[in-house]
Amino acid sequence: MYNFDFVKPLNVADALVALASEEAQALGGGQTLIPTMKQRLASPEKLVSLSGISEMQGVDISGNIVTIGGATTHANVALAGAFEGLTGLAGGIGDPAVRNRGTIGGSLANNDPAACYPAAALATGATIVTNDREIDADDYFQGMFTTALEDVEIITAVRMPIPQVSNYQKFEQPASRFALVGVFVAKYADGVRVAVTGASENGVFRWSEAEGVLSTNFSADAILGMSVDSSEMISDLHGTKEYRANLVRVLTGRAVSSAS
Amino acid sequence: MQNISMTINGKPVSGDVEGRTLLVEFLRNDLHLTGTHVGCDTSQCGACAIHVNGIIVKSCTMFAADADGALVDTIEGQANADGSLNKIQQAFQDHHGLQCGFCTPGMVMAAADLLKNNPTPTEAEVRHHLDGNICRCTGYHNIIKAIMAASGQDVSAIAAE
């Protein structure tokens with residue numbers, strides 16, 4: 001990999017100053033960025049590690065809201081046990097060593113189309129909190145590897161309303177263990193939200209037809225006969241568009257069964 | 001270059017590293033602690049697994065500078081004070097938990113990480129915890145058996161392979 005300057009600020013303000021220079025890049029846990037840099041697909045001149053910023057660490061549960069610091073690792077989110085779907089999702093990312101480094105902010109900022117966290121954020125209607133604004137999950141995800149984040153903007157926290165019941169189901173791509181398709185179902189007093197990762201060429205999305213049906217009848221049988229439009233699904237050697245579309249339906253059913 | 005310092009296996013060390021120097025490169029190339037291996041270099045195989053501040057990480061996917069000030073434990077620090085194999089290492093030997101040995105440092109560090117938090121894991125929990133450690137020789141059965149034995153559990157019912 002090409003060389004760069006490494007800096008590790010202790011607070012958000014210093015991190016923003018460091019990121020303001022040309023070709024600077026924020027570093028979360030590095031579990032995606034470091035392999036990317038090894039392949040020379042990214043070559044920042046300066047890396048700004050966010051792992052030393054204590055104000056971005058930790059999980060706080062108060063009332064019906066869980067607030068997760070942007071630099072909190074997957075392992076610590078799983079350990080906090082805020083609600084079933086989130087705990088299961090965080091504890092199922094990668095492997096134990098990866099979960100000890102990778103962070104929720106890093107995952108959401110990267111918005112890999114096969115990452116798990118975007119499904120949790122979208123299904124819970126999370127608020128993405130940055131250094132200068134709050135972004136609704138529905139506005140945040142803008143397609144594969146694309147988000148509403150500006151160049152010099154850091155995810156400092158993520159706020160999620162805690163669902164009545166929730167579950168995340170992931171069909172793992174057997175080599176990478178990323179989600180071939182992953183579905184997060186979250187049931188709230190005012191309705192059900194279903195978010196799908198891994199399947200679409202446009203990144204994470206809500207399966208709104210299923211949300212409507214499940215909001216009146218929260219059972220796996222209710223969506224058994226539904227079909228998912230496969231036209232914009234990812235197609236590769238691991239699965240065709242149609243295969244992924246079917247997985248969306250099957251995994252949604254499993255998530256509903258497991259959540260109820 | 002920047003100067004970093006950390007505590008490795010209880011001993012303070014320091015050195016000058018580039019931004020891009022990986023933690024495993026600092027261990028192996030600068031400190032000659034070559035017990036930590038580089039297998040895949042893509043954070044999949046776990047041969048480079050070590051403990052940083054008490055938790056397992058893949059040292060091929062962490063920058064040395066990010067470990068400045070950290071407490072690091074590697075396979076070189078696992079033996080007992082008198083140089084004899086520790087409980088986990090001895091169990092790997094007793095139960096033939098290795099063949100070529102390339103993955104073994106990472107396996108031992110993963111096992112130590114598991115048993116610290118879960119002293120008597122089930123076989124399923126052991127297998128789940130080794131998700132990020134790949135072995136091409138053993139077929140895993142004897143590794144699982146060794147870790148179960150190291151936890152003090154009866155392994156007579158676990159089939160040898």
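In what follows, chains are A, B, ... by sequence order, proteins preceding strands, each numbered from 1. In this text the structure is predicted, and so the values were computed from the model without any measurement.
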Of the non-hydrogen atoms in [X] and [Y], which two are nearest, and what is the gap between them?
X	Y	result
B:Gly132	A:Asp95	CA-OD2, 3.3 Å
A:Gly30	B:Thr61	O-CG2, 3.6 Å
A:Pro96	B:Asp131	CD-CB, 4.3 Å
B:Ile55	A:Asn100	CB-ND2, 3.5 Å

Checklist entry - Is chain B contacted by the side chain of A:Leu27, its backbone, both, or neither, given a heavy-atom distance below 4.5 Å? => result side chain
Checklist entry - Is there any residue in residues 1-11 of chain A with a non-hydrogen atom under 4.5 Å from a non-hydrogen atom of chain B, and which ones are they? => result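 Residues in range: A:Met1, A:Tyr2, A:Asn3, A:Phe4, A:Phe6, A:Lys8.
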Under 4.5 Å from a heavy atom of chain A, the part of [X] involved:
X	value
B:Met62	both
B:Ala49	neither
B:Asn133	neither
B:Glu18	both
B:Leu130	neither

Is the number of heavy atoms from other residues, nucleotides or ligands under 6.0 Å of [X] [atom1] greater than 12?
X	atom1	answer
A:Asp151	CG	no
A:Lys46	NZ	yes
B:Arg127	CZ	yes

Checklist entry - Can you check whether A:Arg101 reaches B:Ser43 side chain to side chain, under 4.5 Å on heavy atoms? => result no
Next on the checklist: How long is the straight-line distance from CG of A:Leu47 back to CG of B:Asp66, given to the nearest 0.5 Å?
Outcome noted: 9.0 Å
